[in-house]
Amino acid sequence: MELSAKYNPAEVEDKWYGYWLRNKFFHSEPDEREPYTIVIPPPNVTGVLHMGHMLNNTIQDVLVRRARMNGKNACWVPGTDHASIATEAKVVAKLAEQGIDKHSLTREQFMEHAWVWRKKHGGIILEQLKKLGASCDWDRTRFTMDPALSEAVINTFVYFYKKGLIYRGVRMVNWDPKSLTAVSDEEVIHKETKSKLYYLRYMISDNGKPSETEYAVIATTRPETIMADAAVCINPNDPRYTHLKGKKLFIPLINREIPIIEDEYVTIDFGTGCLKVTPAHDVNDYNLGLKHNLPVIDIIDDHGCLNEKAVILVGEDRFVARKKIVKMIADAGQLEKEEDYISPVGHSERSDAVIEPKLSLQWFLKMEDLAKGALERVENGDIKLIPDKFRNTYRHWMETARDWCISRQLWWGQQIPAYYLPDGRFVVEATREEALEAARKLDPTLKEEDLRQDPDVLDTWFSSWLWPISVFDPAVPGRPGTIPNKDLAYYYPTNDLVTAPEIIFFWVARMVMAGNEFMGNVPFRNVYFTGIVRDKLGRKMSKSLGNSPDPIMLMEKYGADGVRLGMLLCSSAGNDILFDESQVEQGRNFCNKIWNAYRLVRGWEVDRNTEPSEAASCAVRWFDNKLSQTIETIEEHYDKFRISDALMTLYKLFWDDFCAWYLEIVKPEYGKPIDGKTFDATITFFDKLLKLLHPIMPFITEELWQNLSERKDGETIMLERMPKSQGYDSTVIADFTLASSAIASLRNVRQSKGISPKEKIDLVICGEFPENMLCVLTKMSNLGEISFTTSLDNREAGVSFLAGTVQMFVPLQGLLNVEEEIAKVESEIVRYEKFLKGVEAKLSNEKFVNNAPEAVVKTELKKKSDATAKLESLKTTLAQLKKQ
RNA sequence: GGGAGCAUAGCUCAGUUGGUUUAGAGCAUCUGCCUUACAAGCAGAGGGUCGGGGGUUCGACUCCCUCUGCUCCCACCA
């Protein structure tokens, strides 16, 4: 069969992926081998593949495929995350398109719509991963809302509640008074909004009565909330207000007396330096109120109108009330002034209504002890972060971790298993039945319908923190004492986690906490952080910017292997990667190179009756050593998770060493056959190279490996053993390097002097040169006569150069531009003299000679002698040139 | 505002306890080649003094300080 000159990925990718699936090569079951486990960071179930996923999953696949070829029982568990906020938002939007308002539906009806949506869009992303070649164990695919996994989440909640770590607490939420719902921080858009800063006079209390003349001026953008004021705060270091310390003030209009408190939170030079504290309607004020034990007076209702607690303007909309109250205060003579002011105001992404910070009861998980344990695991090295710099971030997080608010005002997710009695008391149990039982202990007359389950669901991270455990055995989380099943016992702890640094706290740290709590062990050993994929201009790739290429299109255009290589080329751990299509082009070109090397070898006719040429056996010996040496380098890179370095090492091994040197040397003359020994060696090398490349480029390597020799059905490169180093002789490699540098110089001579490659040239060698390399020189440089000499003095016209420290000379009659050569040599002399001077200065410095380690001094001495030798030879050359 | 990080050839990155590196790679660039595996190729060449300044040291891309620029996370200012 004639092979095309270009590799065609479309023809091979589906074929081999299907073959791998049919043969269940990705599937893993516990056995006696050492396991190697990765759990996928579950992507949003209704998401589509973006460049970040491509990078992340390519790396995981490289690790998994490599582990598999190293004889481990590799298991990569795929799955998806229910992503409550994002998914619910999508479903709500979809319903809105159909003219359906979420609030017109019951919870059950909504959930039905959501499940339909998830069925339709869920898993698209997993199909896309298959295109990439991901070798996930698809039989193990999990979803964070699978019944068993949801149960694990509920059990976990009950467990922590009963342990006393989960409590109900008040917290500010972002309230959307138009949609009548709390929205997440992600759904709040801060807009620079024009408003006014009002300066109000608060009269100082004079024995319980407002003073006639003395007052403090408070600046506020929200005068309609003064009725909710609980205090006025000043900075204790503010010299202007020392007279206010310990005093009280009267709120204008309603004349309620409030204390003056001191706190360094107040910025002295903002506004007037006097801050009104309104715990019910501002997050910072709320915290300040907690600190100073201030009462919370909530004067705004769910619709954004003032309630009866406001005393005045009851029932008015907050913005209407603002206008009215300003006028009232002005009429009372207590408005000092007003200023234009621009400040960021939160708006609801959904309704565009101005967000009202509102206190609400939420569920919290205490973090202190959990965080301590999680910090310890990283500090003591049980878990390694790659790169190491993220330990700082991690530590900072763990040391300042605030309690985790785990409730979300949504429906899509696991509903909180708290059941309220009609009197407001509640019980927490895994099921309604158990809850009823528990509730009856509080009130024996209760019926099931009297119990009302908390409407909120749990934060998505509250399910994904169990992921490394629950994908194997969902029965374990939240149920201490449960014996882990066979899978969990075998695969846990997993080995490596590949994820993004922005979720180091949300996800990574919390998995460590859950692992500690439920398994008494870490969930993984290494965490490899990928960077964010950015475009050429450094912008984060996003749908809204439209700067993200469609990964599927890329794979269709360049092939999955090309895309994988393109992603990996520019991705060192922890650094953002600036993605450009040209990198993928490079990946495709490399595929093509491999393809064509195969075409060459495949086209050879083999004659088993001839012996290898000297050059060929020399090349075989060299490449054998080179291969072992490079394998060691590659392993080092992988061990340190330097995947792009490992890749680049392989790239150069294949392209430069194997194609440009090895194949060129052993390639038989046109029309002639190759000897059997060299051919067999070449096939062996090719086989090893393909195996080394396979984790990075699974498709093309399988295709070529299958064709390289006869294969039986059911054989695959995937399950072959990774080639190992057999040790190497570094003199063999050094000799070849010397020869190749001589060859490069000879090519340079040819090119600069315009000598055709077909024309033979002679070579004079002055010094030691490995004899067994002469055949290589002859073949690659088309040499005529090679002669040795001890001195290059009194030579006729020609060019000399150095290969390593060996001087070489090519006689050339009448082909030289003497002037040009002299100039070249002279500039070389200047360069070396300068260098020598520097080295000599160093060596004559007593402090250097005395303090520097011997080896360092030795290298300086060698530098000196080498440079002196070079200078000498250059000067000889110059003298000869000048004679002509 | 709090915390963390980054800054090395045109671009993307290495440079691993300060000294065998007169700073490396890939891509891009330039020159010459349609050489019978590959022009998505072959051969060769040029290009940076390591963001600015200061310090420690016999010696600093590598350690310390400072300035500048960029990025990320968190909190968002009455």
Under 4.0 Å, heavy atoms only, any strand: does [X] hit a base, just the sugar-phosphate, or nothing?
| X | value |
| --- | --- |
| S582(A) | nothing |
| W595(A) | nothing |
| P757(A) | nothing |
| K667(A) | base |
| A744(A) | sugar-phosphate |
| Q586(A) | sugar-phosphate |
| C591(A) | nothing |
| Y651(A) | sugar-phosphate |
| K863(A) | sugar-phosphate |
| W655(A) | sugar-phosphate |

What is the distance, to the nearest angstrom, from the [atom1] atom on [X] to the [atom2] atom on [N]?
| X | N | atom1 | atom2 | value |
| --- | --- | --- | --- | --- |
| I504(A) | C73(B) | CD1 | P | 13 Å |
| L568(A) | U12(B) | CG | C1' | 14 Å |
| E759(A) | U35(B) | CD | C1' | 16 Å |
| E605(A) | U36(B) | CD | C1' | 15 Å |
| K384(A) | U16(B) | NZ | P | 19 Å |
| E338(A) | A78(B) | CD | C1' | 16 Å |
| D656(A) | G26(B) | CG | C1' | 10 Å |
| L647(A) | U12(B) | CG | C1' | 13 Å |

G-U wobble or Watson-Crick pairing nucleotide for [N] (cut-off 3.5 Å, both distances):
| N | value |
| --- | --- |
| A14(B) | none |
| A23(B) | none |
| C72(B) | G3(B) |
| G44(B) | C30(B) |

Consider the side chain of [X], meaning its heavy atoms from C-beta on, and name the nucleotide among [options] that approaches it most closely.
| X | options | result |
| --- | --- | --- |
| C659(A) | A25(B), A37(B), U22(B) | A37(B) |
| W397(A) | A4(B), G44(B), C74(B) | C74(B) |
| A597(A) | C6(B), A37(B), A43(B) | A37(B) |
| V856(A) | A4(B), G19(B), C38(B) | G19(B) |

(request) Check for a donor-acceptor pair, side chain of R564(A) on one end and backbone N or O of I696(A) on the other, with a separation under 3.5 Å. (result) yes

(message) Quick check against the 3.5 Å criterion: does R642(A) have a side-chain atom that pairs as donor or acceptor with the backbone of E636(A)?
(response)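 No; zero donor-acceptor contacts below 3.5 Å.
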
(message) Check this for me: does the side-chain of Q583(A) come within 3.5 Å of the base of U12(B) through a donor and an acceptor?
(response)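 Absent.
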
(message) Any donor-acceptor pair, under 3.5 Å, between the side chain of E664(A) and the base of A43(B), if you only look at N and O atoms?
(response) no

(request) Could you tell me whether R510(A) sits above the aromatic face of F505(A), with NZ or CZ closer than 6.0 angstrom to the six-membered ring centre and within 45 degrees of the axis? (result)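 Flagged: R510(A) positioned over aromatic ring of F505(A).
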
(message) Are more than 12 heavy atoms, taken from residues, nucleotides or ligands other than E854(A), located less than 6.0 Å from that residue's CD atom?
(response) no

(request) Starting from the 5' end of RNA chain B, give me the residue, R642(A) or Y598(A), whose nearest nucleotide shows up first. (result) R642(A)

(request) Could you check N592(A) against S740(A) and say which one's nearest nucleotide on RNA chain B is further toward the 5' end? (result) N592(A)

Determine: side-chain N/O of [X] to OP1/OP2 of [N], distance under 4.0 Å, yes or no.
| X | N | value |
| --- | --- | --- |
| R588(A) | A40(B) | no |
| K593(A) | G41(B) | no |
| N748(A) | A45(B) | yes |

Please verify the inter-ring angle class for [X] with [Y]; under 30° counts as parallel, over 60° as perpendicular, anything in between as tilted.
| X | Y | answer |
| --- | --- | --- |
| W595(A) | Y7(A) | tilted |
| F641(A) | Y528(A) | tilted |
| F654(A) | F590(A) | perpendicular |

(request) Inspect the contact between E224(A) and R318(A) and indicate whether a charged nitrogen and a carboxylate oxygen are less than 4.0 angstrom apart. (result) no

(message) When you compare the side chains of T225(A) and K276(A), does any donor N or O come within less than 3.5 Å of an acceptor on the partner?
(response)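 Present: a donor and an acceptor within the cut-off.
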
(request) Please assess T682(A) against Y662(A) for the test side chain to side chain donor-acceptor pair (under 3.5 Å), listing each intermediate value before the final yes or no. (result) CA-CA 9 Å; T682(A) 305; Y662(A) 176 80; 2.8 Å; yes

(message) Expected output is a numbered-order residue list: members of residues 843-852 of chain A with a heavy atom under 4.0 Å from any atom of RNA chain B. What is it?
(response)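 Of all residues in residues 843-852 of chain A, the ones placing a heavy atom under 4.0 Å from RNA chain B are N845(A), K847(A), F848(A), N851(A), A852(A).
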
